[in-house]
Each structure stands twice: as C-alpha cells, then as structure tokens.
Amino acid sequence: MGGGRCEDVGDKGYFIQPTIFKGVTRDMKIFNEEIFGPVLAVTAFETEDEAVALANDSTYGLAAMVFTENIKVAHRTAARLQSGMVYINESNNVDYKLAFRGSKQSGLGSELGESGLDAYLEEKVIHVNLGLEI
C-alpha cells in the first residue's frame with residue numbers, strides 16, 4: 001500500500017508516500033536493514049515467543065513497539081526485546097526526561113534524561129582515612 005513518489009515535494013530528492021509492505025519474511029533485505037522513512041514492514045507470527053525471536057533477530061535495536069490489550073503480555077514482551085527503547089501501545093512519543101538510546105548497532109550511547117547527562121560527566125572517587133594514624 002502506498003509506495004508512490006511524493007509529488008508535492010518537487011523533483012529533488014527521493015521521497016515516497018507512506019508505505020506498508022505485507023508478507024515480509026526474515027530473509028528479505030527490508031526485514032534486515034534499518035529503513036528511515038514512512039515505511040512499515042509487516043511480518044506475521046503465531047506465538048509471543050516467535051514474535052520476540054523475529055524482533056531480536058537483528059543487528060539493530062533502536063526502538064520496538066508492542067501493541068496489545070494485555071498489559072502483562074506487553075511488559076513481559078518488552079522485557080525480552082533487545083532494544084534501547086520499547087513503546088507499549090504507542091510509537092515515538094518522546095519524553096525529554098527519559099533517555100533516548102539504542103542497542104546493538106543502533107544508536108551511540110544515550111541522549112536526553114539523566115543517563116544522557118552521564119556521558120558528559122567524569123566520576124572521581126576520593127578515599128579519606130579519618131583515623132589518627134596513617
């Protein structure tokens with residue numbers, strides 16, 4: 001669905017309409033590479049274990065989304081996903097108080113939030129002997 005060229009952006013660049021690819025399998029390039037753009041690749045699964053295995057079978061791990069009515073399933077699945085960020089029943093909502101981070105080959109370190117500030121800090125440990133003798 002979609003996939004045509006965006007006509008309202010002029011003739012420079014490569015811009016496509018929002019596109020959905022269905023029937024994607026793990027041997028396809030679109031399954032194995034990061035795609036930046038208005039693209040959704042849909043892969044069917046039968047069980048929660050299969051869904052987690054499919055999601056984790058990647059060298060990337062920037063963000064994952066879990067959509068379900070069962071909050072227990074959502075949290076259990078989120079914990080098992082090898083991803084820097086997991087969104088439950090939403091996608092890409094940014095809270096600047098929280099870290100923005102990837103895992104595996106997605107993202108470098110952490111941005112935003114308290115853990116993002118840690119990248120700019122250097123710890124120093126000072127030991128003090130308060131005894132009367134050295």
Side-chain heavy atoms under 4.5 angstrom apart, residues restricted to Ile, Leu, Val, Met, Phe, Trp, Tyr: same cluster for [X] and [Y]?
X    : Y    : answer
V39  : F31  : yes
F15  : I35  : no
Y87  : L62  : yes
L54  : V24  : yes
V125 : L121 : no

task: Evaluate side-chain contact (heavy atoms from CB on, under 4.5 Å) for M28 paired with T25, printing each intermediate quantity in order.
output: CA-CA 6 Å; M28 293 178 172; T25 60; 3.6 Å; yes

I need the minimum non-hydrogen distance between [X] and [Y], along with the two atoms involved.
X   : Y   : value
A64 : S83 : N-OG, 3.3 Å
E90 : F67 : N-CE2, 3.6 Å
N56 : Q82 : OD1-N, 2.7 Å
I30 : F21 : CD1-CD1, 3.3 Å

query: Just by distance, with hydrogens left out, do T68 and N70 show a side-chain donor and acceptor under 3.5 Å apart?
result: no

query: More than 12 foreign heavy atoms under 6.0 Å from CD of E69: is that the case here?
result: no

Atom [atom1] in [X], atom [atom2] in [Y]: separation rounded to 0.5 Å?
X   : Y   : atom1 : atom2 : value
I88 : T77 : CD1   : OG1   : 8.5 Å
T19 : L40 : OG1   : CG    : 10.0 Å
R80 : E48 : CZ    : CD    : 5.5 Å

message: Under the criterion side-chain contact (heavy atoms from CB on, under 4.5 Å), I'd like the reasoning laid out for V66 against N89: C-alpha separation, chi angles, the key distance, then a yes or no.
response: CA-CA 6 Å; V66 177; N89 294 334; 6.0 Å; no

task: Examine distances only and state if a side-chain atom of Q17 and a backbone atom of G2 form a donor-acceptor pair shorter than 3.5 Å.
output: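 No; judged by distance alone, with no hydrogens or angles, the pair does not exist.
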
